[in-house]
Amino acid sequence: MGARPPLDPTELARLLRQRRELAAPALFLGATTRDEFMARVREIGAAGPREDQEGATAPPRAVKSTPGPRPGPSAGERMAARTPNEPEAGDRAEMDYDTLRDHAMTCTRCGLAETRNSVVFSDGNPAARLVVVGEAPGANEDRTGLPFVGAAGKLLDLMLASVDLSREDSVYICNVLKCRPPGNRNPQADEIQACSPFLKRQLALVRPEALLAVGTFAAQLLTGRDRPLGRLRGEVHAYEGIPLVVTYHPAALLRNSGWVRPTWDDLQLLRQVMDG
Ligand code: SF4
């Protein structure tokens, strides 16, 4: 018998949605599908450009090259020129969704404002059951203004579809940092501190049933634990009373196929949490 063609994530999500609408019992995908999942990860990794595989759970890297300043005032100059009405972090805790987003789109609270092309606020449904929190925009995200595009985005879509979720209707996606660190270096502590009030308010406004943190930075920030990702995954945490599962970042899976199987297990744990 010939090999079956790889699963299409959109088609899989549609079929699983049909089952849910028909009130079919929860479907936990078996070993064959896990094998297909792993094969599809390999396929996406082989097809994806290298820039999709940067960032997220990588060991700290030196910045190879920092883009030169673009025309216009520097972030420091813009920060100095900030109007007295620009809110402090505490004020963001009161903002409604649209106001929060508007403030993020013009934010200059850290140096990343100087080198970004886009502020990457979110994608998906703000009334979602699940929020996925990643690390920071990469090159594709900085170009498009959307989180998780390119090969890592395809892989995230596959991960979500394998547990009957899709960014179109049931998932909201955002990052710890809204602007791309130059050269896709790791986020710095001061940048996380400056940006995390946005994330905190996003999560308070969306108030999902569950959270999935992908990658070390999101996992450590949301769990409040300074441990390697491998020692945080595999259990259900809580963030502000919301169940939280952590797993590897899709970009990291593209670099290390040994993490695909544990990621599968984490997704099944997430599905169990969401099924109550
Ligand atoms: S990373 Fe966050 S804090 Fe820094 S400029 Fe962008 S939106 Fe503002």
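Order of appearance sets the numbers: ligands from 1, and atoms from 1 within every ligand. All values derive from a computational prediction rather than experimental measurement.
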Subset of ligand 1 atoms that lie under 4.0 Å from at least one heavy atom of Cys107: 3 (S), 5 (S), 7 (S), 8 (Fe)

Can you tell whether the side chains of Arg116 and Asp142 come within less than 4.0 Å, N to carboxylate O? no

Glu135/Arg180 ion pair, N-O < 4.0 Å: no

Tyr248 and Trp259 aromatic ring geometry - parallel, tilted or perpendicular at 30°/60° bounds: parallel

Plane angle bin for Phe148 and His249 - parallel if under 30°, tilted between 30 and 60°, otherwise perpendicular: parallel

Would you please test Asp169 and Ser166 for side-chain hydrogen bond (donor to acceptor under 3.5 Å, both in side chains) and show each step? CA-CA 6 Å; Asp169 54 18; Ser166 77; 2.9 Å; yes

Minimum non-hydrogen distance to atom 5 (S) of ligand 1, winning option of Lys178, Met105, Arg116, His103: Arg116

Between Ala113, Ser196, Cys110, which one has a non-hydrogen atom sitting closest to atom 1 (S) of ligand 1? Cys110

Within less than 2.8 Å of atom 4 (Fe) of ligand 1, any N, O or S from Cys195? no

What is the closest protein heavy atom to atom 6 (Fe) of ligand 1, and at what distance does it sit? Cys179 SG, 2.3 Å

